[in-house]
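Structure, as structure tokens:
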2 protein chains.
Amino acid sequence: MNAYTTARIALPPQPTHPNRQVGFGSAPVQPLSFFAAGSEIYAQGEKAGAFYQIEFGAVRIYRLLADGRRQISAFHLAGETFGFEADTTHHFFAEAINATAVRTFRVAAGVDMSRQLLPLALKGLSRAQEHLLVLGCQNAIERVAAFLIDMADRQGGLRQVELPMSRMDIGDYLGLTIETVSRVFTKLKEKGVIRLVNLRCVEIVRQDALRDMSE
Amino acid sequence: MNAYTTARIALPPQPTHPNRQVGFGSAPVQPLSFFAAGSEIYAQGEKAGAFYQIEFGAVRIYRLLADGRRQISAFHLAGETFGFEADTTHHFFAEAINATAVRTFRVAAGVDMSRQLLPLALKGLSRAQEHLLVLGCQNAIERVAAFLIDMADRQGGLRQVELPMSRMDIGDYLGLTIETVSRVFTKLKEKGVIRLVNLRCVEIVRQDALRDMSE
DNA sequence: CGTATCATTGAAACGTGTCAAGAATAGTGG
DNA sequence: CCACTATTCTTGACACGTTTCAATGATACG
């Protein structure tokens, strides 16, 4: 058992269904599936064959190395889509970060979804490549800055940015330790670039400065 | 002018055409285009709208940061396909590493290529995500080991692996400096895991050991 | 209110980067 | 074909950034 599988519940709309078969099979209506914070949406090695759109909440997509190191390849927020694979098998884990609802779209055998999936795949590819640039070239400050800018943009460019994930998640996404992430937040705060409204909410005080830092 | 744009020629089959319009427009036949070592196939910001299959040679796909740092997001070898984008614009540079010939497939306006492109996009996504794991979690030795294993697998799993790219290219791909790449090669050599046949050719002496290292 | 979890901060260790020199390789012209 | 030159690669010493380890502080939960 590891820290990522804790599943606590206390949710918005409906009671949560840890059972992730909810909504599968009944093709036309695509009902919602609910996931508690930390619960698994799918696992590496499982059979793929559906994609998921987030109604509310947030999801982390990750892989594990044999020794437990974790790389989060993407976060997905409300409105975004994830879960399609090159293979018929999932190569990643998907977990709800918070209380999350997803709409599941099963791909029926024999039905060609290329037209719908290609833009999603290309979007994912584009994001992954952007992330490669960050991990391959940038130092801790630049990585955190890029992350905050990205989160802000995806939340409509508001000054207040919600961070649904923990420092550990951010670290595993950016290839840094939680201590380094924490130190960078402190440094950005000291420079007056951001303000920590609370642990999970950042106010971007000087967006220009942050953008400069992110490259 | 930078080191990456040197274009020297002395080629296999036909005379090289530095003009990369060769083969475009003439839809049905898809003739070959030739590129000298270091020459550009397309640039960031250019209009996209085609994809390319490598007949022979090797290609690097990369982005640049404002200060000149370069992230190579992928290498492509003979038989592989690259060049499609989420957007109508290229977000990357593509350069021939060596003397290279590519077959260009123009996507005519209004024609739906989703069915053909989706598997390619998913393959690219899968590769990018694998690479993310390497850059996000692994140290220098693990990165180089993973790189060599990948190159070996893509060349049919032979003991002798050709490395068409320079140490600088490898470094920019793995998020390391050329010095670190060089030191890791030396260390792997000392451990008897690889043998440097010459600068651009590695013999994998103990594949098991290398695979262990790559994770 | 007490306890577990998560985040911050500090000091020291480690790995990789930087800078500089020398060796090997490839390309050029006699 | 050989020597000359430019480029690329290797190696070493040192600097720097990030990680590790450990302790303290803040926050969420029962």
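In the text below, chain A, chain B and the rest are named by the order of the sequence lines, each starting its count at 1.
Judged as a salt bridge (charged side-chain N to carboxylate O under 4.0 Å, His left out), not a single pair has a partner in residues 185-194 of chain A (not counting sequence neighbours). Listed by first and then second residue, the salt bridge (charged side-chain N to carboxylate O under 4.0 Å, His left out) pairs that reach into residues 201-215 of chain A are A/Asp153-A/Arg211, A/Arg159-A/Glu203, A/Arg195-A/Glu203, sequence neighbours excluded.
B/Gly171 comes within contact range of no nucleotide atom at all, as no heavy-atom separation falls under 4.0 Å.
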Could you give the side-chain donor-acceptor pairs of residues 127-136 of chain A under 3.5 Å, partners two or more places apart or in another chain?
from     : atom 1 : to       : atom 2 : distance (Å)
A/Glu130 : OE1    : B/Arg63  : NH1    : 2.5
A/His131 : NE2    : A/Tyr173 : O      : 2.9

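With sequence neighbours excluded, the residues satisfying side chain to side chain contact (heavy atoms under 4.5 Å, CB included) with B/Glu162 are B/Gln155, B/Cys201. Residues passing the ring-ring contact (aromatic ring centres under 6.0 Å, His included) test with B/Phe185, sequence neighbours excluded: none. Legend: residues meeting side chain to side chain contact (heavy atoms under 4.5 Å, CB included) with A/Thr177, ordered by chain and number and at least two apart, are A/Glu179, A/Thr180. Evaluation of the ring-ring contact (aromatic ring centres under 6.0 Å, His included) rule for B/Phe82 yields B/Tyr52, B/His76 as partners, not counting sequence neighbours.
A close approach under 4.0 Å does not occur between any side-chain nitrogen or oxygen of A/Arg200 and OP1 or OP2 of D/dA28.
Using five terminal pairs a side, the axes of the helix from C/dC1-D/dG30 to C/dA26-D/dT5 at its two ends make an angle of 50°, given in steps of 10 degrees.
In this pair, A/Phe56 and A/Phe34 present their aromatic rings tilted. The plane angle is within the 30 to 60° band.
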**Q.** Heavy-atom protein contacts under 4.0 Å, nucleotides 8-13 of chain C, coded B base, S sugar-phosphate only, - none
**A.** BBBB--
